[in-house]
Amino acid sequence: MSEYITDSIRKMDENDVDRVSEIERECFQSPWSANSLLSALKSGSADFFVYEENKEIIAYMGMYICAGEGDIANIAVCRAYRGKKIASKLLDAVLKYETEKSVREFTLEVRPSNKVAIVLYEKRGFKVEGVRKNYYDFPKEDALIMCRRDSDK
């Protein structure tokens, strides 16, 4: 049985991989395959969380954890549920959960054109600390590197 961290958010398990893979294909130009998701999940180096509404997975978030640092890989919400603050709820719950487990620094990459995500991250204390040139494909775009540290709060 999966571990719930709120009424709607729980840790992902192997039974969720196909649905999360569908969300990946809907949301990203270069989606993770089901095999990649399963491999990352099984490795134990990443924590994945799903957001459920009416027993349907409508969003998910993945984060690699190493030495007290969390690297947020993806946050994805089905198109039909966007604008309902689901990404905010998911991010807040996961950041709280991981902080309680002693993660003290979080990083992520985001497209400069993804203004909605940038505002979401900034409201949670993330700051732009660098740029990865030509990081994204389809279309080719740089990535902003954003970080949040306990010492920044």
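It should be emphasised that the depicted structure is a prediction, and the values quoted were computed from it without experimental measurement.
Evaluated for a side chain to side chain donor-acceptor pair (under 3.5 Å) with S21, the options R19, R25, E24 yield exactly one hit, R25.
Through direct or relayed side-chain contacts under 4.5 Å between Ile, Leu, Val, Met, Phe, Trp and Tyr, W32 connects to M12, V17, V20, I23, L37, L38, L41, F48, V50, I57, Y60, Y64.
Interatomic distance, CZ of R82 versus CD1 of I58, reported as 11.5 Å (0.5 Å rounding). Here L91 contributes atom CG and R124 contributes atom CZ; the two are 6.0 Å apart, rounded to the nearest 0.5 Å. Annotation: the span from I5 atom CD1 to L90 atom CG amounts to 7.5 Å, rounded to 0.5 Å. Between the OH atom of Y51 and the CD1 atom of I75 there is a distance of 13.5 Å, given to the nearest 0.5 Å. Note: R132 CZ to E109 CD = 4.5 Å, rounded to the nearest 0.5 Å. Annotation: the span from K115 atom NZ to E122 atom CD amounts to 9.5 Å, rounded to 0.5 Å.
Nearest heavy-atom pair, A46 versus A40, reported as atom, atom and distance to 0.1 Å: CB-O, 4.0 Å. A pairwise comparison of heavy atoms in G70 and V103 identifies N-CG1, 3.5 Å as the closest pair. Of all heavy-atom pairs spanning P112 and I118, the tightest one is O-CD1, 3.6 Å. Taking both residues in full, the closest heavy atoms of R148 and G125 are given as CG-O, 3.7 Å, listed atom of the first, atom of the second, then distance.
For the pair E141 (side chain) and S113 (backbone), a donor-acceptor distance under 3.5 Å is present. With hydrogens and angles ignored, the 3.5 Å screen pairs a side-chain donor or acceptor of D13 with a backbone N or O of N15. Looking only at distances, no side-chain donor or acceptor of N134 sits under 3.5 Å from a matching main-chain atom of D142.
Residues Q29 and D137 have side chains not in contact (no heavy-atom distance under 4.5 Å, counting atoms from C-beta outward). Put simply, the side chain of T99 reaches to within 4.5 Å of the side chain of F106, judged on heavy atoms. Using a 4.5 Å heavy-atom threshold, the side chains of R149 and K127 count as separate. The shortest distance between side-chain heavy atoms of D16 and E52 does not fall below 4.5 Å. V131 places a side-chain heavy atom less than 4.5 Å from the side chain of L144. Residues P139 and R111 form a side-chain contact, since some pair of their non-hydrogen atoms from C-beta on lies under 4.5 Å apart. The shortest side-chain heavy-atom distance between L95 and F126 falls under the 4.5 Å cut-off. Taking 4.5 Å as the limit, every side-chain heavy atom of Y136 sits out of range of all side-chain heavy atoms of N114.
Aromatic ring centres of F49 and Y97: separated by under 6.0 Å.
In the hydrophobic clustering of ILVMFWY residues, with side-chain heavy atoms under 4.5 Å counting as a link, Y135 and Y121 come out apart. Clustering ILVMFWY residues whenever any of their side-chain heavy atoms sit less than 4.5 angstrom apart, transitively, puts V128 in the very cluster that holds L120.
Among residues two or more places apart in sequence or in another chain, the side-chain hydrogen bond (donor to acceptor under 3.5 Å, both in side chains) test is passed with K101 by D47.
Counting non-hydrogen atoms of neighbouring residues, nucleotides and ligands closer than 6.0 angstrom, the NZ atom of K133 reaches no more than 12 such neighbours.
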K84 vs E53, salt bridge (Lys or Arg N to Asp or Glu O under 4.0 Å): CA-CA, chis, key distance, verdict = CA-CA 12 Å; K84 298 181 179 187; E53 191 168 282; 5.5 Å; no
